[in-house]
Enquirer: 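Please read through the structure below; I'll follow up with questions.
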Amino acid sequence: MISLKEIRERSIKFAKEWESASNEKQEAQSFWIDFFKIFDVSPRSMQFEYPIKKIDGTQGYIDVFWRGQLLIEQKSKGKDLAKAKEQALEYLPNLKQRDLPKFILVCDFVSFYLYDLDTNQEYKFVLQDLPINIELFSFIAGYTKKTYKEEEPTNRKAAELMGKLHDKLLENGYSGHQLELFLTRLLFCMFAEDTGIFPRNSFAEFIENQTDESGRDLGSQINYIFELFDTPNEKRQKNLDESFSQFPYINGSIFTEQLKTAHFDRSMREMLLDACAFDWSLISPSIFGSMFQASMDVSKRGELGAHFTSETNILKAIKPLFLDELWEEFGRIKNNPKQLQIFHAKISNLKFLDPACGSGNFLVIAYRELKLVEFEVLKSLKILTQLVHIDQFYGFEIEELPSRITQTAMLLIDHQMNLLFAQMFGEPHFNIPIKDSANIFNVNALRVDWEEILSLREMKQSIDYIIGNPPFLGGMMMNEEQKSDMHFVFNNENTNAGVLDLVSAWFFKSIQYCKNKNTKVALVSTNSITQGEQVGLLWNVLQKYNITIHFAHRTFKWSNEAKKNAAVHCVIIGFSNFEIAKKRLFEYEKIDGEPHEVVVNDISPYLLPNQFSLVTNRSKPISNVPQMNFGSMPRDGGNLIFTDNEKTEFIKFEPMAEKYIRPYTGAEEFLNNKKRWCLWLVDANPMELSKLPNVLARVEATKKFRLDSKAEATRKFAKIPTLFCQIAQPNSDFLLVPSVSSEKRKYIPIGFLPKTIIANNLVFVIPHATIYHFGILSSNIHNEWMRTVAGRLKSDYRYSKDIVYNNFPFPSEISDKQKEQIETLAQNILTIRTEFEGASLADLYNPLTMPPKLLKAHETLDKAVDKLYSKTGFKTDTERVAHLFELNKKLTSLIVEEKPKKRGKK
């Protein structure tokens, strides 16, 4: 590609030579041939006197036409150029959509009027001022000042074009590896002709002018071009036609493999030409890769855009990992040439790895940002020697297509950065033929030794930074292969890998790699590994490798505007195996809002400003409070349970059974005022049961259900089919806590129930609980504790007695007066609830419908409970939970776990 400096010099010469030109129209062709020579563009790309029908049906001729790029209307000196523009516009309706130009230029040899049809901007100047306006025409040489579009619809449209062609090729039997590689190559070609790797529009023009309209020879011609891309110029045949020889030697593995010929028809040729007509210079390599991958899957086609990681979220990981530090260092030394040279060498030796790179978005953005740092170094040193290259970047990817897309995306972003370099410094510097490429390995990262794989590229140093967004998948959602991978990774660790999210395997493999190195890591994860049971299971293992969290983004909503895109609650964790002085915690007041940064001394696995501490399962509370238990588990196949209508009908036919039917509740019933009932046959008289055939029928059905179970424990309970499998019904009234509650609620609704209501295993019960206990458990500080340490069922809170309740530090050393205050405020909440007749707890605690009176009562209680923990209260929920962790640590340090007593000899 010609440099902008050379373009300016040529434009000065052109302007001088044509200042004395006559006004004869026949000179126009020579004028424009010379004009395009400024940009090293062959006249073969242009069509002179292109025939076209006007709007009124009369025959017209476009003076100079460059399909999809530029339409020129030439007039003699002194003619009205405004009318010339109107004439040019009349040609547009009868052009094919893909041939529509981006610019219209009208000229009379002296005056130039350029119209940008995309932006509706117009530029007017005279011939002698052409050199100072020549950059307006830099698009002819392949430069573009348009910034690529991160989101839809630009990348979506491009992906859909490729998706259509993919479907037709697949329909015709061109599939698998061949199809994926073929489309990846086409993507490269279309990007290349729009960004100056190839002559502008050369690939599209080759298809348009050198292949049959029927499409019958298109596949073979494209394959021949692919062969040329892998053939050095000196080894090509001497008599090649210019239509072939114009394409450069590309090198690189992308064109090495020979492919079967893809057979096209007329409609498929049109599809490819439509795709070529799209301006691929607008595409973001970081985003399009994911969309391109999704477009290859018909089932995901309607969700294009749902599968990419936005640049904003990528920067949340790479800025605190390395980018902020590099810019900070550059700022300190930018006026010190010697230090800058050392810094330049340093960044050129950094190595990056994404161990689950997908379509390469993290690597693409990391490379781009590193190049921007380098460009500032070059400006400060006033040199042009680039040292940062894409071969500093490594990736592992289990699927072939995304690994190939990553390889291509890295070449594309490399070229985009070279274009930017040319614009900034006036000198082109392009990686064509390809000398450097990213190191992307098509492997299962969970099954291979990372150091062994990286050694295949003869690395002389360790990876400096590991970055990425590994797949999230809960244990229940994994397929057999993924479960096997998890057990393989955690094989030598004493942990229950089946409970862990798939993403945890990448955390483990990353910290293993860090051993005896200075590697830093930043991984995106589902927030499940920072809450609930998984924290203890995973971080106990990671702790063995001296894991230290350097920075973290607490829970935020990872989503975009694509339809059907379910938001995921994510965290970003930066870590290594060594300490640093300043640790950064990014908190979100709203999970879909912007973070604010807090500098802290420590960050715990719960992403709190605490030292490393874990809340693990406990069988008893650490505070002096009543025991919490599960409710009773029927495991009956529904045979012992009735709806309200079923109960009424049942009693109609068997009135004597009414004495054995009790109100029955779980979380759903408790929260939504739903009535259900159960057969409660504890201590039932066998003689009475024998006279209740319908009851016995249900008991028999329960027995059969249990006998048919695959679980041995369930089959054992077939011996006592009249009873629930596990009976934990309190003998006193009790406080009920739902096991699952909506994430939208600030407070989990809890309440007192009489002992006559049977609580099932989907709730927790606290016998002998008092109104004081109700008050503490209803407070914001307890709910924040729950939000931090509880697990999730989808996105809803999943309460746990062993993790949440038994580890919760209740206030200690409180006065009778303080206790009475809490009881009064708690009773007020219960009283207010009764004022809204018919309203369920779900209604009362829905943020949109919660009565202001009830909300105020809770907030008053919150303040009073806060004062039990701290006289000055707390500024944030993070402070509250951090304080609770400190109390938990103190209390648990005083507890001596009881060991099972050895049985003595009889």
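In this text, all values refer to a predicted model and were calculated from it rather than measured experimentally.
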Enquirer: Does CD belonging to Glu325 count more than 12 external heavy atoms closer than 6.0 Å?
Expert: no

Enquirer: Got a second to check how far Thr408's OG1 is from Leu186's CG, nearest 0.5 Å?
Expert: 11.0 Å

Enquirer: I need the Glu205 CD to Leu273 CG distance, nearest 0.5 Å.
Expert: 11.0 Å

Enquirer: Is the number of heavy atoms from other residues, nucleotides or ligands under 6.0 Å of Lys435 NZ greater than 12?
Expert: yes

Enquirer: Taking the side chain as everything from C-beta on, heavy atoms only, tell me whether Glu270 gets closer than 4.5 Å to Ser267.
Expert: no

Enquirer: Are a donor atom and an acceptor atom from the side chains of Glu369 and Tyr367 found within less than 3.5 Å of each other?
Expert: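 No donor-acceptor contact under 3.5 Å links the two side chains.
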
Enquirer: With side chain to side chain contact (heavy atoms under 4.5 Å, CB included) as the test, would you mind laying out the steps for Lys54 and Gln59 before giving the verdict?
Expert: CA-CA 6 Å; Lys54 297 182 181 179; Gln59 184 65 48; over 6 Å; no

Enquirer: Which atoms form the tightest heavy-atom contact between Thr385 and Glu374, and what is the distance?
Expert: O-OE2, 4.3 Å

Enquirer: Do you see a donor-acceptor pair shorter than 3.5 Å between the side chains of Asp116 and Thr119?
Expert: yes

Enquirer: Are Gln339 and Lys334 linked by a side-chain donor-acceptor pair shorter than 3.5 Å?
Expert: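 The criterion, which ignores hydrogens and geometry beyond distance, is not satisfied for Lys334 and Gln339.
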
Enquirer: Under 6.0 Å between ring centres: does that hold for Phe244 and Phe206?
Expert: yes

Enquirer: Surrounding CD of Gln97 (heavy atoms of other residues, nucleotides or ligands, distance under 6.0 Å), is the total greater than 12?
Expert: no

Enquirer: With a 4.5 Å heavy-atom cut-off, do Leu70 and Ile72 have their side chains touching?
Expert: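 Yes, side chains in contact.
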
Enquirer: Check whether Glu329 reaches the backbone of Leu326 with its side chain - one donor and one acceptor, N or O, closer than 3.5 Å.
Expert: no

Enquirer: Would you call the rings of Phe330 and Trp327 parallel, tilted or perpendicular, where under 30° means parallel and over 60° means perpendicular?
Expert: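 Rings of Phe330 and Trp327: perpendicular, over 60°.
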
Enquirer: Count the heavy atoms belonging to other residues, nucleotides or ligands that lie under 6.0 Å from CZ of Arg216, then report whether that count exceeds 12.
Expert: no

Enquirer: Which value, rounded to the nearest 0.5 Å, describes the distance between Lys371 atom NZ and Asp414 atom CG?
Expert: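 That separation rounds to 7.0 Å.
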
Enquirer: Taking 4.0 angstrom as the limit, do Arg10 and Asp40 come out as a salt bridge?
Expert: yes

Enquirer: Answer yes or no: is there an ion pair linking Asp274 with Arg98, defined by an N-O contact shorter than 4.0 Å?
Expert: yes

Enquirer: Is Arg8 salt-bridged to Glu135, cutoff N-O under 4.0 Å?
Expert: yes

Enquirer: Is any side-chain heavy atom of Leu363 closer than 4.5 Å to one of Ile413?
Expert: no

Enquirer: Is the distance between the ring centroids of Tyr115 and Phe103 under 6.0 Å?
Expert: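 No, the ring of Tyr115 stays outside the 6.0 Å limit from the ring of Phe103, centre to centre.
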
Enquirer: Output, in order, the C-alpha distance, side-chain angles, deciding distance and verdict of side chain to side chain contact (heavy atoms under 4.5 Å, CB included) for Leu350 and Phe393.
Expert: CA-CA 9 Å; Leu350 295 176; Phe393 291 77; over 6 Å; no

Enquirer: Specify whether Trp280 and Phe278 have parallel, tilted or perpendicular ring planes, treating 30° as the upper limit for parallel and 60° as the lower limit for perpendicular.
Expert: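 Rings of Trp280 and Phe278: perpendicular, over 60°.
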
Enquirer: With a 6.0 Å cut-off on ring centres, are Phe109 and Phe31 close enough?
Expert: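 Aromatic pair counts; centres sit under 6.0 Å.
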
Enquirer: Pairing donors with acceptors under 3.5 angstrom, does anything connect the side chains of Lys75 and Gln87?
Expert: yes

Enquirer: Of all heavy-atom pairs between Leu4 and Ala422, which one has the smallest distance, and what is that distance?
Expert: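 Looking at all heavy atoms of both residues, the shortest contact is CD1-O, 3.9 Å.
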
Enquirer: Do Arg269 and Thr211 meet the criterion of a side-chain donor-acceptor pair at a distance under 3.5 Å?
Expert: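 Yes, Thr211 and Arg269 have a side-chain donor paired with an acceptor closer than 3.5 Å.
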
Enquirer: Looking only at heavy atoms, which two atoms of Ser11 and Pro131 are closest? And how far apart?
Expert: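 Residues Ser11 and Pro131, closest heavy atoms: OG-CA, 3.3 Å.
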
Enquirer: Can you tell if the side chain of Ser111 reaches within under 4.5 Å of the side chain of Leu81, non-hydrogen atoms only?
Expert: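 Touching, per the 4.5 Å side-chain cut-off.
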
Enquirer: Does atom NZ of Lys37 have more than 12 heavy-atom neighbours from other groups under 6.0 Å away?
Expert: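 Counting other residues, nucleotides and ligands, NZ of Lys37 stays at 12 neighbours or fewer.
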
Enquirer: Show the nearest heavy-atom pair for residues Lys102 and Gly68, with the distance to one decimal.
Expert: NZ-O, 3.1 Å

Enquirer: Could you pull out the closest heavy-atom pair between Ser348 and Ala345, with the gap in Å?
Expert: OG-O, 2.7 Å

Enquirer: Check this for me, if you would: do Glu376 and Lys379 make a salt bridge, where the nitrogen-to-carboxylate-oxygen distance has to be below 4.0 angstrom?
Expert: yes

Enquirer: Run the numbers on Trp66 and Arg200 for side chain to side chain contact (heavy atoms under 4.5 Å, CB included), then give the verdict.
Expert: CA-CA 10 Å; Trp66 188 15; Arg200 189 81 174 186; 3.1 Å; yes

Enquirer: Kindly say whether Thr195 contributes a backbone atom to a donor-acceptor pair with the side chain of His415 at under 3.5 angstrom?
Expert: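 Flag set: sc His415 to bb Thr195 pair under 3.5 Å.
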
Enquirer: Roughly how far, to the nearest 0.5 Å, is CG of Asn94 from NZ of Lys53?
Expert: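 Answer for the NZ-CG pair, Lys53 versus Asn94, is 9.0 Å.
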
Enquirer: Test salt bridge (charged side-chain N to carboxylate O under 4.0 Å, His left out) on Glu19 and Lys16 and set out the steps.
Expert: CA-CA 5 Å; Glu19 273 181 339; Lys16 286 180 178 178; over 6 Å; no

Enquirer: Using a 3.5 Å distance criterion without hydrogens, assess whether the side chain of Asn251 forms a donor-acceptor pair with backbone atoms of Ile434.
Expert: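 Yes; at least one donor-acceptor contact below 3.5 Å.
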
Enquirer: The test is side chain to side chain contact (heavy atoms under 4.5 Å, CB included); show your working for Arg266 and Glu213 and say whether it passes.
Expert: CA-CA 6 Å; Arg266 185 182 300 272; Glu213 289 186 358; 3.7 Å; yes

Enquirer: Counting N and O atoms only, with roles assigned by atom type, does the side chain of Glu73 sit under 3.5 Å from a partner on the main chain of Val106, one being a donor and the other an acceptor?
Expert: no

Enquirer: Output yes when a side-chain donor or acceptor of Asn201 lies under 3.5 Å from a complementary backbone atom of Arg67, and no otherwise.
Expert: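 Flag set: sc Asn201 to bb Arg67 pair under 3.5 Å.
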
Enquirer: Identify the two heavy atoms, one from Val364 and one from Ala409, that lie closest to each other, and give their separation to 0.1 Å.
Expert: CG2-CB, 3.9 Å

Enquirer: Are any of the side-chain heavy atoms of Ser214 and Asp265 separated by less than 4.5 Å?
Expert: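 Counting from C-beta outward, Ser214 and Asp265 never come under 4.5 Å.
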
Enquirer: Report yes if the distance between the aromatic ring centroids of Phe125 and Phe112 is under 6.0 Å, otherwise no.
Expert: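 Yes, ring centres under 6.0 Å apart.
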
Enquirer: So does Lys79 have more than 12 non-hydrogen atoms from other groups sitting under 6.0 Å from NZ?
Expert: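 No, not enclosed.
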
Enquirer: Could you check whether any side-chain N or O of Asp217 sits under 3.5 Å from a backbone N or O of Asp212, counting only pairs where one atom can act as donor and the other as acceptor?
Expert: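 Pair found, side chain donor or acceptor close to backbone of Asp212.
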
Enquirer: Are Ile250 and Pro248 side-chain neighbours, meaning at least one heavy-atom pair lies under 4.5 Å?
Expert: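 A side-chain contact exists here, since the closest heavy-atom pair is under 4.5 Å.
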
Enquirer: Is Ile12 close to Phe14 at the side-chain level, that is, under 4.5 Å between some pair of heavy atoms?
Expert: no

Enquirer: Salt bridge check, Lys77 against Asp108: does any charged N sit closer than 4.0 Å to a carboxylate O?
Expert: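 No, Asp108 and Lys77 are not salt-bridged.
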
Enquirer: Which pairs pass ring pair (Phe, Tyr, Trp, His ring centres under 6.0 Å) with one or both residues in residues 37-62, sequence neighbours excluded?
Expert: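 Every pair satisfying ring pair (Phe, Tyr, Trp, His ring centres under 6.0 Å) with a residue in residues 37-62: Phe35-Phe39, Tyr50-Phe65.
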
Enquirer: Can Arg185 be said to sit on top of Phe226's aromatic six-ring, NZ or CZ under 6.0 Å from centre and within 45° of the ring axis?
Expert: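 Ring-cation test returns yes.
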
Enquirer: Output the distance between atom OH (Tyr113) and atom CD (Glu122), rounded to the nearest 0.5 Å.
Expert: 9.0 Å

Enquirer: Report yes or no: does Gln74 contribute a side-chain atom to a donor-acceptor pair with the main-chain N or O of Ala28 at less than 3.5 Å?
Expert: no

Enquirer: Hey, does Gln210 have a side-chain heavy atom less than 4.5 Å from the side chain of Ser243?
Expert: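 Yes, close enough: below the 4.5 Å cut-off.
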
Enquirer: Ion pair present between Arg368 and Glu311, side-chain N to carboxylate O less than 4.0 angstrom?
Expert: yes

Enquirer: Measuring from atom CD1 of Ile347 to atom CG of Leu387, what distance do you get when rounded to the nearest 0.5 angstrom?
Expert: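 Going from CD1 on Ile347 over to CG on Leu387, the span is 8.0 Å.
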
